Amino acid sequence: MKIPVFDLERYFAKYEFSTKYLLSCSDCQTMSMHELAAMASEAARPLWDGLELGYTETMGHPLLRQAIADLYPGLAADNTLIAAPEEGVFLLMNTLLKAGDHVVCISPAYQSLHEVARAIGCGVSDWVLDEQNGWAPDLADLEKLLRPETRLVVINFPHNPSGAVVSQDFLDSLYALLDARGIYLLSDEMYRFLYHDQVQPPNPACGDYHRAVTLGGLSKAFGLPGLRLGWLATQDMDLLEEMSRFKDYTTICHSAPSEILGIIALENREAILDRQTRLIRKNRRVLEAFLKEHDARIRCVLPKGGSMCFPRLTFTDSAQAFCENLVRDTGVMLVPSTMFRFGDHHVRIGIGRRDFPKVLEVFSSYLAAVV
Ligand SMILES: Cc1ncc(COP(=O)(O)O)c(C=O)c1O
């Protein structure tokens with residue numbers, strides 16, 4: 001398969017480990033392996049201390065699969081497949097899609113959510129979110145995009161990069177629309193568990209729609225991307241089985257230490273998520289004050305969930321050129337919307353890290369000085 005460059009990932013590869021300040025990260029504050037391992041329960045400690053480094057089960061460690069199923073009411077361990085999150089997108093699309101199929105994906109979106117389908121030979125239509133309406137998707141727009149050969153619709157809420165969230169009513173209507181046409185749904189829920197203010201989290205798609213596949217993982221809300229641990233969850237056992245067979249050509253099975261650390265993270269999920277949520281809410285207040293101060297330069301729909309937002313820079317015709325100057329002059333790395341192939345007016349700001357107020361301050365001083 002030939003596939004175009006993943007713009008966002010290459011941008012991170014260029015700056016993530018070399019520049020001084022990161023202001024566009026999508027993952028929340030991480031922790032050390034020592035800290036995580038120390039959280040192990042009596043039951044999990046022997047799994048870690050006595051771990052042997054042989055191959056693991058293709059579908060994933062049974063205890064890990066059970067811990068994941070516990071996140072999805074109505075689903076059992078058998079309804080889950082362990083994969084690195086990015087690998088999950090690849091497994092699903094390569095299993096479900098063939099050249100000539102049609103796919104609809106929300107836009108803007110994390111590139112693999114549409115690029116893998118395109119590389120398989122599918123036609124892909126953008127379901128563009130409406131910034132004027134809080135980055136909400138419109139079902140009437142989707143209906144116009146659907147075709148007889150539409151096989152898959154792809155959504156991602158809480159949304160990367162805007163932090164938009166959809167309601168349960170919206171999802172119920174979406175399922176009815178797709179079910180009537182026999183269309184599958186990939187619901188990328190990598191940012192689940194992060195909700196702000198009074199937002200009511202909707203149910204996971206995999207429990208409510210029989211043709212839905214939920215993508216989840218520990219990279220974002222849990223702040224553990226180094227585990228490379230994600231999963232696919234679905235009621236469709238045939239699809240799950242087929243995806244596991246495709247995995248024989250990607251990773252075969254997951255990393256043994258990562259699986260056990262994943263079990264420990266999930267058994268401590270309340271404590272970990274509580275800490276992350278408190279940090280994000282604190283950072284969001286800092287963000288609001290910053291936006292007020294720079295009202296004339298930046299317009300932003302405040303995020304309802306997730307760990308980022310996608311403000312519009314009103315003072316320049318090229319967010320990318322501005323970001324290049326910013327990183328050169330201050331060491332602050334900010335991702336421009338060109339990395340999402342979504343115009344050149346927005347930037348992504350991540351609010352999940354402990355150093356966010358400090359890095360935002362550097363950015364704020366720069367803005368005040370140069371704009
Ligand atoms: C929406 C979305 N889906 C999937 C992924 C892939 O996650 P990972 O990098 O942990 O493989 C990301 C990563 O940024 C993402 O933002």
Side-chain angles (χ1 to χ4, degrees), residues 3 6-13 15-17 22-30 60 68 81-94 103 105-117 126-127 129 135 137 152-166 185-194 204-206 212-233 247 250-251 254-255 258-259 261-262 265-266 276 280 303-310 333 335 337 339-342 348-353:
I3 191 159
F6 199 133
D7 298 329
L8 178 70
E9 295 298 347
R10 284 303 94 204
Y11 199 76
F12 266 89
Y15 294 114
E16 188 170 7
F17 300 101
L22 300 173
L23 192 53
S24 277
C25 292
S26 58
D27 47 330
C28 292
Q29 186 64 39
T30 195
I68 291 162
L81 168 65
I82 305 302
E86 182 71 302
E87 182 190 13
V89 176
F90 200 75
L91 295 179
L92 171 72
M93 292 194 172
N94 275 286
V103 173
C105 179
I106 57 159
S107 173
Y110 187 66
Q111 194 172 331
S112 55
L113 295 181
H114 47 87
E115 205 69 84
V116 176
D126 291 341
W127 182 13
L129 304 185
W135 295 109
L152 177 70
V153 167
V154 183
I155 59 172
N156 161 227
F157 297 102
H159 177 231
N160 173 10
S162 74
V165 168
V166 286
L185 177 72
L186 168 58
S187 177
D188 180 329
E189 299 173 25
M190 287 297 292
Y191 297 89
R192 175 164 283 282
F193 305 117
L194 297 174
C206 56
V213 179
T214 287
L215 173 71
L218 298 182
S219 302
K220 309 300 181 182
F222 285 78
L224 299 169
L227 293 184
R228 309 305 304 122
L229 186 58
W231 54 81
L232 296 159
K247 191 178 161 185
T250 53
T251 55
H254 205 66
S255 140
S258 161
E259 284 199 322
L261 291 168
L266 285 168
Q276 304 288 34
I280 287 218
K304 293 207 172 87
S307 50
M308 62 203 119
C309 59
F310 199 47
M333 190 270 247
V335 169
S337 48
M339 297 304 135
F340 287 87
R341 303 186 184 186
F342 191 80
R348 183 176 84 177
I349 295 183
I351 59 170
R353 297 283 181 93

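Each ligand, and each atom within it, is numbered from 1 in the order the structure gives. Since the model is a prediction, treat every value here as computed from it, not as a measurement.
- Protein heavy atom at the shortest distance from atom 1 (C) of ligand 1 is D188 OD2, 3.2 Å.
- Taking every heavy atom of both residues into account, A265 and L224 meet most closely at CB-CD1, 3.6 Å.
- Between H159 and F157, the ring planes lie tilted relative to each other; the angle falls in the 30° to 60° range.
- At least one heavy atom of R228 sits closer than 4.0 Å to an atom of ligand 1.
- Looking only at atom types and distance, the side chain of E9 has a donor-acceptor partner in the side chain of Y110 under 3.5 Å away.
- For atom 5 (C) of ligand 1, the nearest protein heavy atom (residue, atom name, distance) is Y110 CE2, 3.4 Å.
- Pairing each heavy atom of G223 with each of T30, the nearest pair is O-OG1, 2.6 Å.
- Against a heavy-atom cut-off of under 4.0 Å, N156 is close to the following atoms of ligand 1: 1 (C).
- Within the 4.0 Å heavy-atom cutoff, K220 counts among the residues contacting ligand 1.
- For atom 7 (O) of ligand 1, the choice among C25, P225, P85 with the nearest heavy atom turns out to be P85.
- The two residues E259 and G60 come nearest to each other via the heavy atoms OE2-CA, 3.3 Å.
- The ligand atoms of ligand 1 that sit less than 4.0 angstrom from a heavy atom of Y191 are 1 (C), 14 (O), 15 (C), 16 (O).
- Taking a cutoff of 4.0 Å between a charged side-chain nitrogen and a carboxylate oxygen, K220 and E189 do not qualify as a salt bridge.
- Set against the non-hydrogen atoms of M190, the atoms of ligand 1 under 4.0 Å away are 3 (N), 4 (C), 7 (O).
- Of the protein's non-hydrogen atoms, S219 OG, 2.5 Å is the one closest to atom 10 (O) of ligand 1.
- Residues K247 and H254 come closest through the heavy atom pair NZ-N, 4.1 Å.
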